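In this chain, numbering begins with 1 at the start of the sequence shown. FYI, side chains are in, hydrogens and waters are out, and symmetry mates aren't considered; it's all heavy atoms of this structure. Note that ligands are numbered from 1 as they come in the structure, with each ligand's atoms numbered from 1 the same way. Worth saying up front: this structure is predicted, and the values here are computed from it rather than measured.
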Amino acid sequence: MTALPLPLPATRAAATARLDHFLPRAGQAYAARRNEDLPGHPHVSGLAPYIRHRLLTEAEAIEATLRAHPQGADKFLAELWWRTYWKGWLERRPAIWSAYRQGLTEALNRVQAEAGLRAQWEAACTGQTGIDGFDHWAQELAATGYLHNHARMWFASIWIFTLRLPWELGADFFLRHLICGDPASNTLSWRWVGGLHTPGKTYAATPDNIARNTGGRFRPTGLARDCRPLPMQPHPAPRPVPQGDILHPDDPTALLLHEDDLAGDGFPHLPPETPLLFLTTTARRSPLAVNPLVTAFVDEGVADTAIRRGQPDAPRFTEAGLDALGDQLAAQGIRQLATPYAPIGPTAAALQRLAPLLADRGIRLARLLRDHDAQSWPHATHGFFRFREAVMP
Ligand SMILES: Cc1cc2nc3c(=O)[nH]c(=O)nc-3n(C[C@H](O)[C@H](O)[C@H](O)COP(=O)(O)OP(=O)(O)OC[C@H]3O[C@@H](n4cnc5c(N)ncnc54)[C@H](O)[C@@H]3O)c2cc1C
């Protein structure tokens, strides 16, 4: 695989081209070498920015992989399923996301009040800690919007156990900079590294592992050996799986697309002439400024989807414009606003605020759950391996 080109083209055509280009290596080659973080990331797909925003859906990536490799691509398929597992797991425990946001607010308040913490946090975010590898990854992330999975694990482990910085600040650093920044995969992976997901289990970055999997580019010294789990609360009991709403086929309907699902298709009752609008919440990923690479990717993805649905001038709203969005729909005589179901995160929160504003105007919000999510989220009850048994034939 070649390095991700910058700026990364945020189009469905680029997503499918990247998938097609990668598929020949999705079998044994991926299983054998996916852990190697080498320049240009030759052994992984780089598909996460596309799948995160559903310029390519999880179901499409899985189906294409099975077509190309009826057997022998289990490792790649399992990784694709991890995203769905994390989404389903968080969807059923929204309190974990709220607690993360609360913990982040508290940590940012401490950053303001404690000069020592602020200096350490700034050094970590700008790659000036003096820790071999870590500084490179901090700068690579800010410059490219991407990090290899193994680098994400090493970075999070060093952040938590060696630098002893609050994990929420690290998760926020990733969410602000990763083009694929995703509330479920990111929050739950950071929690997993810190020992907050699987009781008693943490991820310890070691110099040997880093040197081996970076082709000897990095061998940090002074890494923590004591990687005991962070203090953990029991997981909240899972809430029922969301069902999604039913579309009323005879009501005048508009379609609202958002950055969690820019596929633009898969809704047979919504023909191309259905009036189209967009909602973007990129700035809500964090209380701090989001990397312009992320914003540019979402902007281009929205434009691409508008063109693909034949409505290049479809209006676009942010969370600040929810009232205006409701007014516009009411003026058009719309009675139903259909939207792909957004999993826990800033878009879902905005839709939550939008629903009563629409109801005041006599418009119902219909959140449409894709089959892939509806069929797999019920299995995101325990660990990944139980989930995998249920979803992977
Ligand atoms: C601390 C930490 C934070 C992370 N934050 C994010 C995040 O914000 N957004 C995000 O999309 N992924 C996140 N991941 C998961 C994983 O690192 C990325 O999905 C993967 O590295 C993306 O690169 P790729 O597309 O080249 O992956 P490939 O190895 O080519 O994998 C193919 C696809 O499988 C999925 N996938 C692979 N590994 C994982 C995984 N561990 N969890 C969930 N899905 C996976 C992705 O959709 C990915 O595109 C995080 C992992 C860690 C350890």
Polar-atom distance check: [X] versus ligand 1, any N or O pair below 3.5 Å?
X: S189; answer: no
X: C180; answer: yes
X: R52; answer: no
X: Y146; answer: yes
X: G46; answer: yes
X: A48; answer: yes
X: L47; answer: yes
X: H148; answer: no

Identify, by atom number and element, the atoms of ligand 1 in contact range of [X], meaning under 4.0 Å from any of its heavy atoms.
X: W82; value: 40 (C), 42 (N), 43 (C), 44 (N)
X: M153; value: 53 (C)
X: L80; value: 33 (C), 34 (O)
X: G181; value: 8 (O)

| message | Taking L80's backbone N and O only, do any of them form a donor-acceptor pair with E58's side chain (distance below 3.5 Å, no angle check)? | response |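 No, because the side chain of E58 does not come within donor-acceptor range (under 3.5 Å) of the backbone of L80.
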| Is the NZ or CZ atom of R225 positioned over F161's six-membered ring, under 6.0 angstrom from the centre and within 45° of the axis? |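 No, R225 does not sit over the ring of F161.
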| Is R92 close enough and on-axis enough to W89, meaning under 6.0 Å and within 45°, for cation-pi? |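 Verdict for W89: no cation-pi partner in R92.
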| query | At the 4.0 Å heavy-atom cut-off, does Y203 count as touching ligand 1? | reply |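 Checking ligand 1 against Y203, which is what was asked, there is no heavy-atom contact under 4.0 Å.
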| ligand 1 contacted by R34 (non-hydrogen, < 4.0 Å) |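 False for this residue.
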Specify side chain, backbone, both or neither for [X], according to which of its non-hydrogen atoms lie closer than 4.0 Å to ligand 1.
X: F22; value: neither
X: V44; value: both
X: R83; value: both
X: W86; value: side chain
X: F174; value: side chain

In the protein, what heavy atom is nearest to [atom], and what distance, to one decimal place, separates them?
atom: atom 36 (N) of ligand 1; value: E79 O, 3.2 Å
atom: atom 32 (C) of ligand 1; value: F76 CE1, 3.4 Å
atom: atom 13 (C) of ligand 1; value: R152 NH1, 3.1 Å
atom: atom 3 (C) of ligand 1; value: N186 OD1, 3.4 Å

With a 4.0 Å cut-off on N to O distance, would you call [X] and [Y] a salt bridge?
X: D208; Y: R212; answer: no
X: D260; Y: K87; answer: no
X: R386; Y: E389; answer: no
X: E168; Y: R101; answer: no
X: D265; Y: R308; answer: no

| message | Heavy atoms only: which of S45, A156, A151 lies closest to atom 30 (O) of ligand 1? | response |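 Of the listed residues, S45 has the closest heavy atom.
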| task | Can you figure out which of L147, N149, L178, L77 has its heavy atom closest to atom 16 (C) of ligand 1? | result |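 Nearest heavy atom to atom 16 (C) of ligand 1 lies in N149.
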Are [Y] and [X] linked, directly or through intermediate hydrophobic residues, by side-chain heavy-atom contacts shorter than 4.5 Å (ILVMFWY only)?
X: I363; Y: L257; value: no
X: W190; Y: L288; value: yes
X: Y203; Y: M232; value: yes
X: F267; Y: L337; value: no

| query | Testing R12, R54, R67, R370 for salt bridge (charged side-chain N to carboxylate O under 4.0 Å, His left out) with E60, which one passes? | reply |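 By the salt bridge (charged side-chain N to carboxylate O under 4.0 Å, His left out) criterion, E60 pairs with just one of R12, R54, R67, R370: R12.
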| Closest approach of A338 to L368 (non-hydrogen atoms, all atoms of both residues) |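 That closest heavy-atom pairing would be CB-CD1, 4.0 Å.
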| request: Would you check if there is a donor-acceptor pair between the side chains of W86 and D182 at a distance under 3.5 Å? | output: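 Checked: D182/W86 side chains show no N/O donor-acceptor pair below 3.5 Å.
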